[in-house]
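Numbered from 1 within each chain, the chains take letters A, B, ... in sequence-line order.
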2 protein chains.
Amino acid sequence: MKSFIDVSPDSHFPIQNLPFGIFSTDHDEIMSARVGVAIGDQILDLTAMCPLFEKHVPELKNPTLVFSQSSLNMFMSLGKPIWQATRKFLQTILSEDNPELRDSKELRTKAFVPQKQAKLHLPVNIGHYTDFYASKEHATNCGVMLRGKDNALMPNWLHLPIGYHGRASSIVVSGTDVARPSGQRSPGKGQPPVFGPSVKLDFELEMAFFVGTGNKLGERIPIQQTRDHIFGMVLMNDWSARDIQGWEYAPLGPFLGKSFGTTISPWVVTLDALEPFLVDGPPQDPTPFPYLQEKGKTAYDINLEAKMKPCDVSTYKTLTRSNLRYMYWSISQQLAHHTVNGCNMGAGDLCGTGTISGPSEDARGSLLEITWNGRDEIDFDNGVKRLFIEDGDEIVLTGYCQGEGYKVGFGECCGKIVPTMYRE
Amino acid sequence: MKSFIDVSPDSHFPIQNLPFGIFSTDHDEIMSARVGVAIGDQILDLTAMCPLFEKHVPELKNPTLVFSQSSLNMFMSLGKPIWQATRKFLQTILSEDNPELRDSKELRTKAFVPQKQAKLHLPVNIGHYTDFYASKEHATNCGVMLRGKDNALMPNWLHLPIGYHGRASSIVVSGTDVARPSGQRSPGKGQPPVFGPSVKLDFELEMAFFVGTGNKLGERIPIQQTRDHIFGMVLMNDWSARDIQGWEYAPLGPFLGKSFGTTISPWVVTLDALEPFLVDGPPQDPTPFPYLQEKGKTAYDINLEAKMKPCDVSTYKTLTRSNLRYMYWSISQQLAHHTVNGCNMGAGDLCGTGTISGPSEDARGSLLEITWNGRDEIDFDNGVKRLFIEDGDEIVLTGYCQGEGYKVGFGECCGKIVPTMYRE
């Protein structure tokens, strides 16, 4: 499968991918943020394709309304058959041997926007946000630091995907600066807390999935149906103030140590695009309860990387290389668990995986783990060292699936920490 | 102050209150859910008052649009000066010596709907929901049960209002049945978990406040400004499955043990209506950080009560009598704390207080505390006993401020537990 649009083999956005996003351009006069699909270094403006949608995808009612939205929520709420029909049509119309769009200079001028000229927005009006803790390696690393080797995993961890409700309002799109939070922290056991800007600011290498169609309150999404409800995935950096979190989290979990900002990548890669990269997940022992038992391949082979550029250094250094396939609890298990009590999900709900660490030391997905809670410095160019994130430092997450001669990728999830406006 | 509408001294809704809600009636043809204000046993339909709003409250632009919404969000987002101008106008137009509405038979016929004929809806499209843990007595009771008397309060508890993100999607209005959740629970330390319907289903006597106007990401709401941002309060029953919660909550907090349902009362009582009932809060020792220091009176004197009717009993029994003034961390402190890290709040965000227990044994706000985690049975009529909530049991919360000859009340927050649809 190949497009008439030139796509380099290293591009994250070949015709096999076609992720959905929300974009606008400076040249827009009336048109504002709207739905587009990434192809190579271009964006296909779906609002320009509406006559073709009407002709070729009649089951998609009112494409003009759906694609002129400033979020993907309406499109996502239409359900998997529509997502698939849309994707199939887009692959057809973009394919190199289809002249309908390829040979229409007028339509191409209207339909393609160079990504460089576009501003990408938060793709989804995020309703509710949940973050899981689904990597065994990450949970083990944290547990060893907190409780020692012998009690690293809590007794519940191997029985269910631990998760907590996060703050949806402070989720921002890649490229948005994030202000360092201030808050209370404990200077040491038994000592009174102090207040000020966080001194242990961290990133977390995560992925997250968007629910497209949900369930009613009191009902469930059975595990074998979860993938019909999940629209797609993004990269996520769950910025974490370890000192604030450490002081506040007992007994009700993370709160202000997380809610100052969470960054996601702008392009939502559909589960259909990820389907060829399904692989076996890690073995699960003990066998989960029936509601968490999944048939077939359960994990996605997505290469993940985190890079950091301290403010006074000019190049990025790779901090970690991980893979979503390491994750113990699959995204299907996460969604089945989330709804097993009857909790209702809806279009635009976001579920994070938690930090994705791998089995080796160079696959740790947070500075907490990489520096072992501030013990081991990371060396950068010019003698610059870091234990946690300083003001002006930048973090970039990236991820892709490797196909034969092409990549299905997520682009980048970037963020820079800027100083707090408040010091007391 | 007295209305031409007859209001009994026991009514929760005299002219001193005027809470806002969303209602509809069976007789509506085109009109659907819209904004109303409770007065006595009537609802004043604000959509019928628009010509009068245009005349008397010109600063409220487009009242027809604002009051024909099916949630209070748009009205709340207009800010405190508009809330106050609206309230003042309503008190004027409803007062016994004002003929404008009183003597217009035509207008009165259109404007008043008996509460008995109306269906009350969830008053707000709830964006994000946070639940605090702000009652010292409740936190102490839970701590004693879990960790013993000497470590009852966590070291952080007296320094900050502990809170966690809750699930907003499963918040329902009073009168909505709530299905018993199923989930994993631990039958005993060291034993593998079992799965099934919760056997320790509880209520929590809480109140909650709605944010009307918020703050931008990275900014704060200073404590002295918090009451300008809070629109009003409701009663809240934070249904809790203690067995599910107990197994899942370490280390990231409550999740499925809470997210199956939360019930709020339908009428939002404004802070202006509660203002006369401000009293001193409990002394705070140690002195909180400056961002939590509040001038003047900080607590509200709101009498709270929880009643229960087991399915096979015909009358309600009062389980507890408490008061919001017992709460250690004020709602202003809760909001200032929530935003101290720059977390952005918006119109329609809901913050629960956590269970409001008082200093005496008959002021405990949950069955967990009343039965001391299933140790002490509660006796009802006909020899019926309960430790936790059975299918078909009903819980009613109520609350009011006692004025001189009148009550400013919240009505009722009712819910019945129905059997789960799933047993495995």
Side-chain angles (χ1 to χ4, degrees), chain A residues 127-130 133 146 154-156 159-160 162-170 172 178-179 181-184 186 190 192-193 195 217-220 241 244 247-257 259-261 286 289-291 337-338 340-346 349 420-422 424, chain B residues 127-130 133 146 154-156 159-160 162-170 172 178-179 181-184 186 190 192-193 195 217-220 241 244 247-257 259-261 286 289-291 337-338 340-346 349 420-422 424:
Chain A
H128 310 286
Y129 158 46
T130 298
Y133 187 57
L146 272 171
M154 291 277 187
N156 54 15
H159 295 278
L160 48 75
I162 295 285
Y164 69 102
H165 306 294
R167 180 80 193 177
S169 69
S170 50
V172 297
V178 173
S182 289
Q184 296 188 25
S186 169
F195 185 89
L217 184 59
E219 300 187 358
R220 287 183 187 171
I244 296 173
W247 173 240
E248 75 181 353
Y249 89 106
L252 299 183
F255 185 45
L256 303 189
S259 63
F260 59 94
F289 282 105
Y291 81 92
H337 182 65
H338 204 319
V340 75
N341 69 341
C343 177
N344 51 332
M345 312 287 290
D349 287 353
T420 175
M421 289 165 61
Y422 309 91
E424 57 185 38
Chain B
H128 309 286
Y129 158 46
T130 297
Y133 187 56
L146 272 170
M154 292 277 188
N156 54 13
H159 296 278
L160 49 75
I162 295 284
Y164 69 101
H165 307 295
R167 179 82 194 175
S169 68
S170 49
V172 297
V178 172
S182 289
Q184 296 188 25
S186 169
F195 185 89
L217 184 59
E219 299 186 358
R220 286 184 187 169
I244 296 174
W247 173 240
E248 75 181 354
Y249 89 105
L252 299 183
F255 184 45
L256 304 190
S259 64
F260 59 94
F289 282 106
Y291 81 92
H337 182 65
H338 204 319
V340 75
N341 69 341
C343 177
N344 52 333
M345 312 287 289
D349 287 352
T420 176
M421 291 166 58
Y422 310 92
E424 56 184 38

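A:Tyr291 has its ring centre less than 6.0 Å from the ring centre of B:Phe195.
Rounding to the nearest 0.5 Å places CD of B:Glu248 at 14.5 Å from OH of A:Tyr164. One distance of note links CG of B:Leu256 with OG1 of A:Thr130; it measures 9.0 Å at 0.5 Å rounding. One distance of note links NE2 of B:His165 with OH of A:Tyr129; it measures 8.5 Å at 0.5 Å rounding. A:Arg167 CZ to B:His338 NE2: the interatomic distance, rounded to the nearest 0.5 Å, is 4.5 Å. With values rounded to the nearest 0.5 angstrom, B:Gln184 atom CD is found 4.5 Å from A:Phe289 atom CZ.
Residues B:Gly127 and A:His128 come closest through the heavy atom pair O-CE1, 3.8 Å. Taking both residues in full, the closest heavy atoms of A:Leu217 and B:Ser170 are given as CD1-CB, 3.6 Å, listed atom of the first, atom of the second, then distance. The heavy-atom pair separating B:Tyr422 from A:Glu219 by the smallest distance is OH-CA, 3.3 Å. Residues A:Cys343 and B:Ser169 come closest through the heavy atom pair SG-OG, 4.4 Å. Closest of all the heavy-atom pairs between A:Pro251 and B:Met154 is CB-CE, 4.0 Å.
For the options B:Ser259, B:Gly342, B:Pro192, heavy-atom pairs under 4.5 Å to chain A are most numerous at B:Ser259. Taking A:Pro181, A:Gly261, A:Pro155, A:Gly163 one by one and counting their heavy-atom pairs under 4.5 Å with chain B, the maximum is reached by A:Gly163. Heavy-atom pairs under 4.5 Å with chain B peak, among A:Leu146, A:Thr420, A:Ile162, at A:Ile162. Residue with the most contacts toward chain A among B:Phe260, B:Trp247, B:Tyr249, B:Tyr133: B:Trp247 (heavy-atom pairs, distance under 4.5 Å). In terms of heavy-atom pairs under 4.5 Å with chain B, the best-connected choice from A:Ala250, A:Gly183, A:Ala179 is A:Ala250. When each of A:Gly218, A:Gly253, A:Ala168, A:Pro193 is checked for heavy-atom pairs under 4.5 Å with chain B, A:Pro193 comes out on top.
Contacts of B:Val172 with chain A are made by side-chain atoms alone, with heavy-atom separations under 4.5 Å and no backbone atom involved. Heavy-atom distances place no part of B:Pro290 under 4.5 Å from chain A, backbone and side chain included.
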